[in-house]
Protein chains: 2
Amino acid sequence: MPHSFTPPSAGDLNYLKSLNRSTVLSTVRRHPGVSRADIALRTGLTKATVGGVVQALVKGGWLREGELHARGGGRPGRSLHLDGERHCMLGAEVGVKGLRLVACNLLGEVLASCHCPAPPTDPESTAVRLAELLVALREEPAVSARHCLGLGVAVPGPVSTRAPILSLAPNLGWVDVDFLALLRREPGLPAGTWLLDNEANAAAFGEFYFFEGVPPESIAYISAGSGIGCGVVSGDHFPVVPRGHQGLVGEIGHTVIQPDGSRCHCGNRGCAETLVSGWALREALDLDSEASLGDAVAARAEEPAVRALIQRAGQALGLLLLNLHHTLNPSMLILGGSLMQLGEPLTGPALDYFTSHQNDLLRQSQSVPVKIIADGTFTAARGVAAEVMARSAIDI
Amino acid sequence: MPHSFTPPSAGDLNYLKSLNRSTVLSTVRRHPGVSRADIALRTGLTKATVGGVVQALVKGGWLREGELHARGGGRPGRSLHLDGERHCMLGAEVGVKGLRLVACNLLGEVLASCHCPAPPTDPESTAVRLAELLVALREEPAVSARHCLGLGVAVPGPVSTRAPILSLAPNLGWVDVDFLALLRREPGLPAGTWLLDNEANAAAFGEFYFFEGVPPESIAYISAGSGIGCGVVSGDHFPVVPRGHQGLVGEIGHTVIQPDGSRCHCGNRGCAETLVSGWALREALDLDSEASLGDAVAARAEEPAVRALIQRAGQALGLLLLNLHHTLNPSMLILGGSLMQLGEPLTGPALDYFTSHQNDLLRQSQSVPVKIIADGTFTAARGVAAEVMARSAIDI
DNA sequence: CCCTATTAGTTCACAGAATTTACTAACCGA
DNA sequence: TCGGTTAGTAAATTCTGTGAACTAATAGGG
């Protein structure tokens with residue numbers, strides 16, 4: 001099993017079938033309510049092919065037929081939707097502050113969730129704890145009533161490109177952990193697709209895959225929490241997440257934006273993380289690891305020094321957005337992560353900086369929309385669940 | 001005709017055939033001398049399929065059979081190579097300092113070239129001039145003896161993602177130029193694939209496509225000339241060049257690396273281009289547009305101020321490499337563009353900065369190789385030629 | 001020298017996928 | 001009620017890659 005989906009190298013008829021199945025499925029995902037005829041138009045497949053594929057997908061519990069809707073004269077088409085009743089996926093995030101779990105259906109709707117605020121200690125006991133919670137989650141009625149496609153885990157650090165292994169999680173002190181292997185020792189977990197991904201990549205994937213509204217062609221998701229990470233997703237029918245040579249794509253927290261700035265724990269000076277990140281703000285505010293950053297900032301919101309600190313952080317975040325825009329040029333930027341709890345005092349200056357420093361590289365310069373996810377508690381967990389679905393859909 | 005190749009959305013049998021043809025072709029390109037059996041092993045196709053595809057490609061002038069080479073016992077395999085004798089591609093770069101043209105064969109070998117140092121004025125007369133030179137190039141014996149697959153043009157600015165149109169070339173003063181349409185009015189140009197691309201993307205593509213040695217999985221090519229651009233390429237059989245929502249991927253010259261730095265012509269402060277770029281150095285050295293930057297720097301190499309200037313520029317370039325590494329994490333970085341003429345005084349500090357500021361994100365941190373292209377006169381022109389070949393190979 | 005083992009490449013009947021064409025189904029308006 | 005129009009299905013057809021059997025070419029051993 002390849003650890004990350006790679007586009008086809010060479011194809012047999014089997015692959016062709018799988019490709020078309022995925023294409024039809026994603027067309028319905030991106031345009032809920034389309035008819036078979038619509039799909040044929042959009043994808044270039046013939047009506048006959050679409051008919052056959054849809055039949056198989058309906059039978060397999062991936063699609064359901066909806067109401068008829070007439071469009072002008074002629075026989076009305078039968079609308080198609082993802083079937084939210086038959087399958088589900090489990091997603092879990094191992095975060096610095098605790099474990100977060102969701103189960104969701106093919107529509108990305110959360111069927112059940114669980115937030116366990118105890119910070120992880122060592123990998124082994126964390127795996128045991130996570131397995132218990134997953135088993136409990138699976139026993140929820142909404143979950144147990146559905147077939148489970150598999151299980152995904154999001155981790156706060158880069159995942160190796162060679163194997164599904166967490167290379168390094170500085171904030172957990174974990175190195176080269178094969179977390180899925182630890183989980184596999186626990187009983188009661190679902191069979192199917194298992195995968196491990198970086199938290200920012202997972203969140204980015206989920207926001208892209210389950211996007212509500214007109215789907216963007218590509219997004220960059222900035223995860224601002226203890227550290228700063230970023231995930232990039234693009235692609236119509238097969239969303240692609242570039243991971244890079246060592247899985248370091250999106251480690252923008254360590255891009256240097258102030259060469260003579262203060263020292264970062266990575267050894268360099270002026271990394272973005274020294275200006276905007278949970279750890280930098282905590283350090284500046286002299287908080288211990290127990291205290292909540294959000295509460296502390298709220299309590300001291302009137303202090304000019306604190307306000308200036310948050311404002312500087314916001315501007316740095318805006319600068320990161322700008323640099324990302326000029327490097328990756330996504331059609332949408334999404335801001336998420338626990339730092340978003342700081343709200344307008346942080347995001348205001350960020351958006352201000354971003355919009356006021358747009359330059360004239362393209363005259364029209366239709367500004368790139370920036371979406372802010374205020375409550376991102378389950379974003380990453382739902383994101384890996386989305387990845388499980390996407391992977392499972394490839395080899396139905 | 002789609003303006004940029006997009007991976008398959010849905011597939012018919014035709015597409016499948018085309019996919020396998022391209023796969024075989026690129027396998028030979030990346031591993032010259034493979035046998036049919038090798039290809040079958042590498043691609044997963046069966047011997048029968050490979051046999052058929054190879055036969056077609058040999059007949060079409062894309063592949064040629066080489067010598068036998070035995071490997072242990074058994075019948076020796078017949079080695080396969082790209083056929084450099086039957087086809088050729090034309091590539092041209094419209095640069096700030098003049099026109100550069102090449103004709104090359106499927107192996108990326110330059111059959112003929114032409115460097116016209118007169119700076120372009122308006123689009124119309126430039127198209128006329130370029131067409132004359134292209135016709136002359138095509139009359140060279142090595143070129144006229146081959147079938148011409150098509151023609152590519154590289155331009156110093158972003159190309160629209162909607163149509164093959166140059167959106168903006170600040171250094172030429174051109175806006176929204178449909179250069180291919182202007183060329184199409186001229187007689188004597190080859191039929192086939194025509195395309196337009198950004199200079200940095202084209203160069204990046206060429207370096208990746210015609211890479212000598214073990215092919216890297218992905219590269220980022222930094223084009224340091226009048227401005228700073230960057231192209232990214234990855235993918236095995238179908239090299240993919242992300243272009244972004246507005247074709248601005250790789251506009252790293254306008255990433256901000258010194259928020260309080262000096263003002264850039266784009267309106268912002270502290271863009272990378274204010275530290276490393278032809279225009280910034282010329283401005284700092286008070287050169288008029290006629291003078292050669294290389295000559296001027298060589299002449300004043302002893303002045304401490306000049307040395308410091310170049311060193312600072314080199315360090316900024318190194319910082320750009322580092323930020324690119326953390327954002328895109330390519331498996332190889334390539335430095336090119338006219339600024340490379342400045343040689344060690346520029347590249348030394350750049351490499352120093354890059355290697356000495358590697359951080360510990362991955363313990364092993366096998367350093368990413370940086371390749372420097374000292375003479376990049378025809379890099380971009382050859383790059384678009386490579387794109388013509390790649391595009392033509394898709395629908396043989 | 002011949003014979004066997006081994007690997008390379010081709011041939012041909014076959015299975016499977018999408019297509020083509022023709023058809024039925026369902027709705028609208030006159 | 002009857003054309004006109006669009007949606008969806010069914011059967012014959014075309015084209016693809018596959019698998020197994022075949023031929024080809026070499027090395028090594030007796």
Side-chain angles (χ1 to χ4, degrees), chain A residues 8-24 27-28 31 33-59 63-81 237 394-396, chain B residues 8-25 27-28 31 33-59 63-81 237 395-396:
Chain A
S9 66
D12 55 3
L13 291 170
N14 233 328
Y15 159 71
L16 193 58
K17 180 124 195 177
S18 163
L19 174 71
N20 288 341
R21 228 171 6 213
S22 291
T23 303
V24 168
T27 304
V28 178
H31 306 283
V34 286
S35 67
R36 290 164 174 77
D38 290 333
I39 297 176
L41 257 176
R42 285 180 182 280
T43 61
L45 298 169
T46 59
K47 287 193 297 173
T49 307
V50 172
V53 171
V54 166
Q55 199 169 32
L57 288 173
V58 168
K59 193 175 166 194
L63 296 183
R64 66 174 178 81
E65 294 193 320
E67 336 67 50
L68 301 174
H69 57 85
R71 230 193 347 243
R75 170 177 169 178
R78 190 155 243 114
S79 67
L80 295 165
H81 300 268
H237 299 292
I394 289 172
D395 30 43
I396 294 175
Chain B
S9 65
D12 55 5
L13 291 170
N14 233 328
Y15 159 71
L16 192 58
K17 182 123 196 177
S18 164
L19 173 71
N20 288 340
R21 228 168 10 211
S22 292
T23 303
V24 168
L25 196 59
T27 303
V28 178
H31 307 281
V34 286
S35 67
R36 290 164 175 77
D38 291 334
I39 296 176
L41 258 176
R42 285 179 182 280
T43 61
L45 298 169
T46 59
K47 288 193 297 174
T49 307
V50 172
V53 171
V54 166
Q55 199 169 33
L57 288 173
V58 168
K59 193 174 166 196
L63 296 183
R64 66 174 178 81
E65 293 193 320
E67 334 69 49
L68 301 175
H69 57 85
R71 225 188 356 237
R75 170 178 169 179
R78 189 155 244 116
S79 67
L80 295 165
H81 301 268
H237 299 291
D395 29 44
I396 294 175

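Chain letters run A, B, ... following the sequence lines, proteins first, then strands; residues in each count from 1.
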S.K.: Output one line per pair: protein atom, nucleotide atom from nucleotides 18-20 of chain C, and distance, for all N/O pairs under 3.5 Å.
M.R.:
from    : atom 1 : to       : atom 2 : distance (Å)
dA18(C) : OP1    : Asn20(A) : ND2    : 2.6
dT19(C) : OP2    : Thr46(A) : N      : 3.2
dT19(C) : OP2    : Thr46(A) : OG1    : 2.8
dT19(C) : OP2    : Thr49(A) : OG1    : 2.7

S.K.: What pairs with Ser22(B) under side chain to side chain donor-acceptor pair (under 3.5 Å), at least two apart in sequence or on another chain?
M.R.: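 Expected list: none.
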
S.K.: Taking distance alone, no hydrogens or angles, what donor-acceptor pairs closer than 3.5 Å link side-chain atoms of residues 47-56 of chain A to residues at least two apart or in another chain?
M.R.:
from     : atom 1 : to       : atom 2 : distance (Å)
Thr49(A) : OG1    : Thr46(A) : OG1    : 2.9

S.K.: Would you mind reading off the distance between Asn14(A) atom CG and dA15(C) atom P, rounded to a whole angstrom?
M.R.: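 About 16 Å, once rounded to whole Å.
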
S.K.: Step by step, work out the side chain to side chain contact (heavy atoms under 4.5 Å, CB included) result for Ile39(A) and Leu80(A).
M.R.: CA-CA 10 Å; Ile39(A) 297 176; Leu80(A) 295 165; 3.8 Å; yes

S.K.: Please list, pair by pair, any protein nitrogen or oxygen found under 3.5 Å from a nitrogen or oxygen in nucleotides 26-28 of chain D.
M.R.:
none

S.K.: Under the rule for salt bridge (Lys or Arg N to Asp or Glu O under 4.0 Å), what residues qualify as partners of Arg78(A), not counting sequence neighbours?
M.R.: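 Partners of Arg78(A) under the salt bridge (Lys or Arg N to Asp or Glu O under 4.0 Å) test: Glu65(A).
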
S.K.: Where each residue is assigned the nucleotide of DNA chain D containing its nearest heavy atom, which of Gln55(A) and Gly77(A) is assigned the position nearer the 5′ end?
M.R.: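 So the residue in question is Gly77(A).
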
S.K.: How close or far is atom P of dA7(D) from atom CD of Glu67(A), stated in whole angstroms?
M.R.: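 In whole Å, dA7(D) P lies 16 Å from Glu67(A) CD.
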
S.K.: Mind checking side chain to side chain donor-acceptor pair (under 3.5 Å) for Ser18(A) and listing every partner two or more places apart, or none if nothing turns up?
M.R.: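 Counting only residues at least two positions away or on another chain, Ser18(A) forms no side chain to side chain donor-acceptor pair (under 3.5 Å).
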
S.K.: Send over the distance from Tyr15(A) OH to dA17(C) P, rounded to a whole Å.
M.R.: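 Result: 15 Å.
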
S.K.: Just how far, in rounded Å, is P of dG16(C) from CZ of Arg21(A)?
M.R.: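 In whole Å, dG16(C) P lies 14 Å from Arg21(A) CZ.
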
S.K.: Which heavy atom of Ser35(B) sits nearest a heavy atom of Gly77(B), and at what distance?
M.R.: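 Between these two residues, the closest heavy atoms are CB-CA, 4.1 Å.
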
S.K.: Leu13(B): what forms a side chain to side chain contact (heavy atoms under 4.5 Å, CB included) with it, not counting sequence neighbours?
M.R.: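 With sequence neighbours excluded, Leu13(B) shows a side chain to side chain contact (heavy atoms under 4.5 Å, CB included) to Leu13(A), Leu16(A), given in chain and number order.
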
S.K.: Expressed in angstrom and rounded to an integer, what is the separation of His69(A) atom NE2 from dT6(D) atom P?
M.R.: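 Going from His69(A) (NE2) to dT6(D) (P), I get 15 Å.
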
S.K.: Measure across Ser79(B) and Gly33(B) and return the closest heavy-atom pair with its distance rounded to 0.1 Å.
M.R.: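 Of all heavy-atom pairs spanning Ser79(B) and Gly33(B), the closest is CB-O, 3.2 Å.
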
S.K.: Could you tell me the separation between the CG atom of Asp38(B) and the C1' atom of dT7(C), rounded to a whole number of Å?
M.R.: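 Answer to the nearest Å: 11 Å.
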
S.K.: Quick one, Asp38(B) and His31(B) - any side-chain contact, counting heavy atoms below 4.5 Å?
M.R.: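 Result no, sub-4.5 Å side-chain heavy-atom pair not found.
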
S.K.: Rounded to whole Å, please give me the gap between CG in Leu19(A) and P in dG17(D).
M.R.: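 Result: 14 Å.
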
